[in-house]
Amino acid sequence: MAAVNQVTSAEQMDSVLLEAVNLALHYEMEHDESVVVLGEDVGTNGGVFRATSGLKEKFGFKRVMDTPLAEALIAGLSVGMATQGLKPVAEIQFMGFIFPAFEHLFCHAARMRNRTRGRMSCPMVLRAPYGGGIHAPEHHSESTEALIAHTPGIRVVIPSSPARAYGLLLAAIRDPDPVVFLEPKRIYRGAKQSIINNGEALPLDTCFTLRTGTDVTLISWGACIADTLQAADALAEKGISAEVIDVATIKPLDMRTMITSVVNTGRCVIVHEAARSFAVGAEIAAQVSEKCFLNLLAPVQRVTGFDTHMPYFKNEHFYLPNSADIVAAVEKCFKEA
Amino acid sequence: MAAVNQVTSAEQMDSVLLEAVNLALHYEMEHDESVVVLGEDVGTNGGVFRATSGLKEKFGFKRVMDTPLAEALIAGLSVGMATQGLKPVAEIQFMGFIFPAFEHLFCHAARMRNRTRGRMSCPMVLRAPYGGGIHAPEHHSESTEALIAHTPGIRVVIPSSPARAYGLLLAAIRDPDPVVFLEPKRIYRGAKQSIINNGEALPLDTCFTLRTGTDVTLISWGACIADTLQAADALAEKGISAEVIDVATIKPLDMRTMITSVVNTGRCVIVHEAARSFAVGAEIAAQVSEKCFLNLLAPVQRVTGFDTHMPYFKNEHFYLPNSADIVAAVEKCFKEA
Amino acid sequence: MKAVNQAKVTAQGHSPLMEFSLQKIQFLDEDGNWVSERPEFATDEWLVQAYQHMVLNRVFDQKAIALQRTGQMGTYPSSLGQEAFGIAIGMGLQKDDVFVPYYRDHGAHLLRGHKLSDLLLYWGGDERGSAHGPKQDFPICVPIATQITHAAGAAAALKIQNKNQLAVVTIGDGGTSKGDFFESLNVAGAWQLPLVVLVNNNQYAISVPRDIQCGAPTLAQKAIGAGIYGVQVDGNDVLAVYQAMLEARQRADEHKGATLIEAITYRLGDHTTADDASRYRSNDEVKQAWQKEPIKRLQNALFNLGLWDGEKEKQWQNQCAQHVDEVVAEYLTLEKDTAESMFDHLYQDWPEVMNEQLDLLADKLTRMNH
Amino acid sequence: MKAVNQAKVTAQGHSPLMEFSLQKIQFLDEDGNWVSERPEFATDEWLVQAYQHMVLNRVFDQKAIALQRTGQMGTYPSSLGQEAFGIAIGMGLQKDDVFVPYYRDHGAHLLRGHKLSDLLLYWGGDERGSAHGPKQDFPICVPIATQITHAAGAAAALKIQNKNQLAVVTIGDGGTSKGDFFESLNVAGAWQLPLVVLVNNNQYAISVPRDIQCGAPTLAQKAIGAGIYGVQVDGNDVLAVYQAMLEARQRADEHKGATLIEAITYRLGDHTTADDASRYRSNDEVKQAWQKEPIKRLQNALFNLGLWDGEKEKQWQNQCAQHVDEVVAEYLTLEKDTAESMFDHLYQDWPEVMNEQLDLLADKLTRMNH
Ligand SMILES: Cc1ncc(C[n+]2csc(CCOP(=O)(O)OP(=O)(O)O)c2C)c(N)n1
Ligand SMILES: Cc1ncc(C[n+]2csc(CCOP(=O)(O)OP(=O)(O)O)c2C)c(N)n1
Ligand SMILES: [Mg+2]
Ligand SMILES: [Mg+2]
């Protein structure tokens with residue numbers, strides 16, 4: 001990661017997702033003095049995944065704060081700072097430990113602007129690595145984005161590639177409202193992508209169509225995008241043309257892009273690793289089913305984790321959706337059509 | 001409430017929902033020594049709504065515990081007690097204050113049995129008044145059942161009448177796993193119902209069909225059941241025969257009952273007061289749309305709260321679904337068919 | 001009160017490690033006599049002002065309760081008996097301090113320049129009640145103890161921005177049991193934050209008495225574990241609360257960190273208008289507490305000093321009543337908020353993808369207007 | 001260490017309210033010399049046993065790390081240097097006490113009769129690692145500090161059920177910053193619970209040093225705010241930790257409530273096998289800490305007492321290695337858990353309405369077996 005710390009503006013470089021996060025943090029701290037970073041181990045250690053590596057050395061302990069070990073505190077401090085002219089970017093070390101942050105996130109961050117009729121606001125970002133697949137211990141593989149997405153007044157953003165991580169994190173930090181930014185750690189050190197470090201943000205509230213197709217719409221986000229693209233390749237070989245949509249902003253949902261696609265393809269498969277029921281997939285499926293009622297050639301399918309706890313890592317592959325599961329779901333769409 | 005405290009077994013009485021809760025607590029504490037009650041103001045004061053009235057007088061402070069003011073504590077103590085042979089029935093004073101309890105609920109109560117392969121379990125109940133409509137202050141009108149329903153290993157139960165409150169609460173306390181029991185406070189002091197105080201529990205994991213019909217299936221729970229039944233009456237006058245299903249156990253969902261109904265009626269409207277997106281209605285809509293794909297005559301409709309914070313009480317009627325909203329949604333089903 | 005556990009133990013292997021001491025501040029006793037020398041800040045003018053504010057606070061309180069009782073307002077938490085606490089804070093705050101209140105700080109609100117009608121709006125179920133006030137001050141906080149962490153965050157922001165001000169936060173005795181209280185004191189100690197935490201220890205958290213909240217004899221001693229300075233004050237003595245704030249500011253100015261102030265008060269009224277305190281405490285207890293209430297004792301002191309008399313009292317009471325009547329009129333005549341306001345300020349940049357929500361609301365309004 | 005803020009202040013209006021004192025327990029200094037008289041419990045047999053357990057603990061630890069390094073196990077938190085803490089607790093526990101561990105208590109687990117292969121299973125990513133052990137003992141707890149509240153609940157259950165036992169819980173120094181820690185100590189004080197909280201203050205929470213966690217000079221003083229007894233012990237001295245537990249039990253037996261024990265240790269290894277401590281602390285610091293480590297000092301004491309020698313050491317090391325090899329063999333040869341196990345024990349009464357989940361899993365397994 002040493003290279004990352006020496007990057008100068010507009011330099012182009014090949015980065016993995018983790019480095020892209022680090023790059024965006026460097027960029028924005030350099031260009032906006034009000035941005036501060038806080039969390040457990042984010043300072044001297046540069047984060048347990050090294051996402052905040054080099055920040056403390058560069059911007060000092062006043063802007064890069066190792067906090068005591070308390071997630072409610074991290075969220076609450078961020079609310080306090082955000083209302084006073086700072087833009088805190090806080091890290092929750094793993095999404096499995098985010099629950100104590102919920103009261104501050106839901107009761108305050110999400111409501112401060114609404115409650116004060118715009119007098120106060122909470123431009124804060126809560127970053128957290130999320131999801132399974134890295135053989136981590138218990139509580140280190142959760143993907144509970146649905147819990148956050150239900151709450152009004154927040155944005156939930158999940159990148160699926162280095163470039164989107166860079167552009168979306170910049171957008172999240174600049175957004176005047178609270179954003180929960182979930183980083184799929186399974187692809188933290190996945191494929192590299194060329195990134196131009198020019199501070200250009202990507203739009204929030206927008207899906208990204210990664211691949212166009214005519215027979216079925218595959219909708220996913222985060223690490224599952226990789227499996228979904230792989231499935232699309234496999235389907236192509238079988239003569240099925242799949243459109244792949246990366247939702248990216250989970251809250252609020254850009255349904256128009258998804259609906260437009262399904263209107264064209266007539267089939268829809270949603271892929272996520274969170275437990276199946278009451279998850280983000282349900283909302284998308286409900287809306288697609290409603291809005292594409294006359295266009296759907298087959299019922300919307302969901303390929304998801306199971307309604308049980310993420311098993312410890314020896315069995316996590318039994319839980320996580322894979323590309324074969326996606327292909328099977330698509331085939332079901334054709335059988336039932 | 002004095003009468004409640006003197007009730008003897010198998011006595012029949014007219015009760016409002018709140019009294020039914022109180023009755024069930026009395027019954028079970030009398031018949032099962034391991035049942036204990038804890039929470040803020042549940043002892044001497046008998047709860048801010050009086051749901052635990054008379055318990056401390058009857059069963060003593062060792063079994064009816066006023067706790068310090070801390071919801072994480074209440075949930076965590078319950079986990080500790082539940083693993084050691086007690087059956088804690090804990091009260092969270094309002095659902096708006098439940099967030100600090102989530103870490104214990106999700107990371108421990110919901111997992112203890114699974115994690116220890118059955119060596120330990122968490123037979124605890126977390127009761128909370130929930131929902132709007134009583135002109136309460138900020139944070140006193142939330143209905144975030146979706147957040148809890150997403151988590152595996154828990155049951156979420158919501159009664160919609162005094163009799164179901166009595167029978168379902170007994171079932172919840174006797175259940176060997178954690179149950180979150182949400183009491184719709186809008187109907188706490190609503191219509192009375194005759195209750196036989198004989199300790200008979202109702203089944204969990206089961207919907208209740210409150211009214212049969214042939215043209216449309218109305219699905220709801222909690223306080224919205226009243227509005228839904230009212231809408232069914234209004235629809236009947238218009239010649240539309242509505243089946244009304246009270247979901248009652250939100251997690252896990254008895255989809256079979258709901259699907260069977262929609263297969264018959266061909267139309268489905270789901271009613272809840274929680275914010276629309278990523279709520280329980282989405283899961284039901286997704287499953288109904290999938291499983292009744294060939295039977296649906298119109299897209300599944302949802303009548304819900306908006307994707308914003310429950311407004312303070314002067315405007316809460318603009319937020320809460322009402323029977324006219326339900327009727328309109330049903331009419332839409334007929335127009336689009 | 002429980003016995004203090006933290007006494008010396010003489011047992012094998014033990015040796016002394018450290019000692020801590022806790023102090024109390026009081027100037028006026030319950031009859032208005034000076035138990036300590038009159039402090040410098042307490043000029044004649046200061047004393048009269050403090051008294052007048054406290055009376056206005058009480059008059060407002062009575063009116064608010066009356067509005068609730070007559071169905072013109074919602075649930076309201078009275079500050080009866082805790083006027084010295086709120087007023088001392090309001091007087092102790094500087095303009096650019098960040099004030100982070102809980103929900104029973106009507107006295108302090110009054111002095112922060114809030115329109116009192118805004119308070120009525122808030123408790124009347126209208127978000128516009130939190131729309132005004134000093135831009136850095138927080139709105140009323142309902143989820144217990146969460147405000148403490150916001151105040152710590154605000155204090156950290158002041159420190160980061162090199163602003164020489166305080167974040168001042170209030171909390172009830174019940175609130176001191178919640179994790180946020182402790183986490184925030186703890187970080188204030190670790191980061192040496194310019195934070196002042198004032199506990200309104202009014203002996204009850206709704207029905208739960210103080211000794212069920214905590215086994216320690218004082219709440220001030222909770223400062224010790226966080227490594228910050230803690231002190232107990234007579235919360236019915238407006239001078240004592242003010243003195244503690246002065247000292248806290250000095251401590252922060254000297255970069256000596258945060259202060260916890262436990263003010264001993266008594267909640268003379270019900271928890272809120274939705275509560276009936278007679279269910280859980282005796283009339284006798286309340287009667288005794290009335291002996292110590294803050295307004296009478298300061299009035300006595302003023303009488304003794306020749307700064308106040310019956311005539312002035314009558315005039316001031318009238319003025320307060322008149323002012324509050326105006327405030328009420330303003331509250332009652334404000335035009336209704338729109339339904340659409342629920343979406344105003346939800347996000348600064350309205351997500352176009354949410355437009356369906358506006359359509360749904362429009363449909364609903366059409367139905368409602370039929 | 002920061003200055004103690006809680007010193008006496010002489011200022012207007014102040015009067016003394018209360019005093020607290022804090023003590024420290026130690027028997028053996030870092031060279032194994034007696035700084036306090038040898039306590040009664042520390043018979044020759046006791047001392048040798050404690051030593052042997054600590055050595056076994058360390059041998060196990062080294063093996064576990066080796067397994068992780070060779071890809072045969074997952075992330076593992078070493079207890080290197082903290083053996084006195086874990087072993088003293090294991091020895092201090094009675095059979096029917098409720099033990100509520102965190103994740104670094106391998107020594108205590110060993111003495112609770114857990115199969116060491118279960119520990120490997122757990123850290124090897126297999127739920128069956130928590131399937132055995134005393135039925136009242138809690139499994140390893142990963143979400144920091146939550147275990148403290150469970151222990152308080154267990155202690156309340158013991159009290160309600162009139163059982164004369166203790167709930168004993170461990171936590172790291174980092175864990176003392178989280179709300180659960182405070183809320184639980186607080187309720188233990190309010191309810192006078194038979195709870196013993198042992199803090200393994202190993203100076204780091206991953207990379208975060210102790211003084212960033214808390215501005216107070218000790219963690220033991222966090223007991224004061226909760227009104228329970230707190231004491232600091234040399235956590236590298238197995239006798240000191242054990243003595244503190246003995247006293248805590250006596251206190252609980254006499255219904256004097258809960259005890260907080262801060263044990264000063266040092267985490268000689270990385271936080272876990274996923275960590276590299278050299279990123280955030282100096283070799284010098286670690287070298288110095290090795291001077292105080294618990295095994296060598298007890299070995300010195302045993303040598304001095306003539307209870308141990310080089311030959312015994314060699315034999316015991318061999319025995320430990322052999323035992324641990326057996327344990328590893330057991331771990332490595334256990335047949336794989338089934339995929340379906342993820343639904344076993346999810347609910348005691350399987351909800352029939354969830355049968356679709358089983359079908360979905362069956363389909364997936366069919367695909368995987370292709
Ligand atoms: C997190 C949370 N839990 C519960 C409540 C409900 N509640 C409102 S006020 C109150 C008692 C607070 O007592 P205290 O902190 O002593 O303040 P006081 O009202 O006495 O001024 C409770 C339990 C709440 N508002 N927030
Ligand atoms: C609630 C929560 N937040 C964060 C983590 C990630 N985490 C695991 S161990 C650890 C540090 C704990 O330090 P300490 O309490 O001192 O115990 P030690 O590991 O030093 O024994 C952290 C932050 C966690 N497990 N749980
Ligand atoms: Mg109080
Ligand atoms: Mg540590």
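First the proteins, then the strands, lettered A, B, ... as listed; each starts at 1.
When heavy atoms are compared at a cutoff of 4.5 Å, A:Ala72 does not approach chain D at all. Only the backbone of D:Thr338 comes within less than 4.5 Å of a heavy atom of chain A; no side-chain atom from C-beta onward does. Using a 4.5 Å cut-off between heavy atoms, A:Gln93 touches chain D through its side chain atoms alone. Of the two parts of A:His140, only the side chain, counted from C-beta on, holds a non-hydrogen atom closer than 4.5 Å to a non-hydrogen atom of chain D. Only the side chain of A:Phe97 comes within contact range of chain D, judged by heavy atoms closer than 4.5 Å. When heavy atoms are compared at a cutoff of 4.5 Å, A:Tyr319 approaches chain D by way of both its backbone and its side chain. The parts of D:Ile212 that come within reach of chain A are both its backbone and its side chain, each placing non-hydrogen atoms under 4.5 angstrom from that chain.
Between A:Arg276 and D:Gln357, some side-chain heavy-atom pair lies under the 4.5 Å cut-off. With a 4.5 Å cut-off on side-chain heavy atoms, A:Arg50 and D:Arg279 count as touching. Inter-residue side-chain proximity for D:Arg367 and A:Val327 is flagged as unmet; no heavy-atom pair is nearer than 4.5 Å. At a threshold of 4.5 Å between non-hydrogen side-chain atoms, the residues D:Asp126 and A:Tyr312 do not count as touching. Looking at D:Met368 and A:His317, their side chains come closer than 4.5 Å, going by heavy atoms from C-beta outward. Taking the side chain as every heavy atom from C-beta outward, A:Glu138 and D:Tyr122 approach each other to under 4.5 Å. With contacts defined as side-chain heavy-atom distances shorter than 4.5 Å, the pair D:Leu346/A:His309 qualifies.
Closest heavy-atom contact between A:Pro311 and D:Glu127: CA-OE2, 3.4 Å. Across all non-hydrogen atoms, the minimal contact from D:Ser177 to A:Ala70 is O-CB, 3.7 Å. When all heavy atoms of A:Pro137 and D:Trp123 are compared, the pair lying nearest together is CB-CZ3, 4.4 Å. D:Gln213 approaches A:Pro68 most closely through the heavy-atom pair OE1-CA, 3.4 Å.
With rounding to the nearest 0.5 angstrom, the NZ atom of D:Lys364 is 9.5 Å from the CZ atom of A:Phe318. Note that CG of A:Asn315 is 9.0 Å distant from NZ of D:Lys336, once rounded to the nearest 0.5 Å. Between atom OH of residue D:Tyr347 and atom OG1 of residue A:Thr308 there is a gap of 8.5 Å, rounded to the nearest 0.5 Å. To the nearest 0.5 Å, the span separating CE on D:Met342 from CD on A:Glu316 amounts to 10.5 Å.
D:Asp359 CG: more than 12 foreign heavy atoms inside a 6.0 Å radius.
The side-chain contact (heavy atoms from CB on, under 4.5 Å) with D:Val208 is formed by just one residue from the set A:Leu69, A:Asp66, A:Thr67; it is A:Asp66.
Under a 3.5 Å cut-off, the side chain of A:Asn45 and the backbone N or O of D:Ser207 do not form any donor-acceptor pair.
Between chain A and the residues D:Val142, D:Thr176, D:Asp276, D:Asp337, the most heavy-atom pairs under 4.5 angstrom are made by D:Val142.
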**Message:** Go through it in stages, so that I can follow the logic: the residues are A:Asp307 and D:Met354, the test is side chain to side chain contact (heavy atoms under 4.5 Å, CB included), and I'd like the CA-CA distance, side-chain angles, deciding distance and then a yes or no.
**Reply:** CA-CA 9 Å; A:Asp307 282 351; D:Met354 281 183 64; 3.9 Å; yes
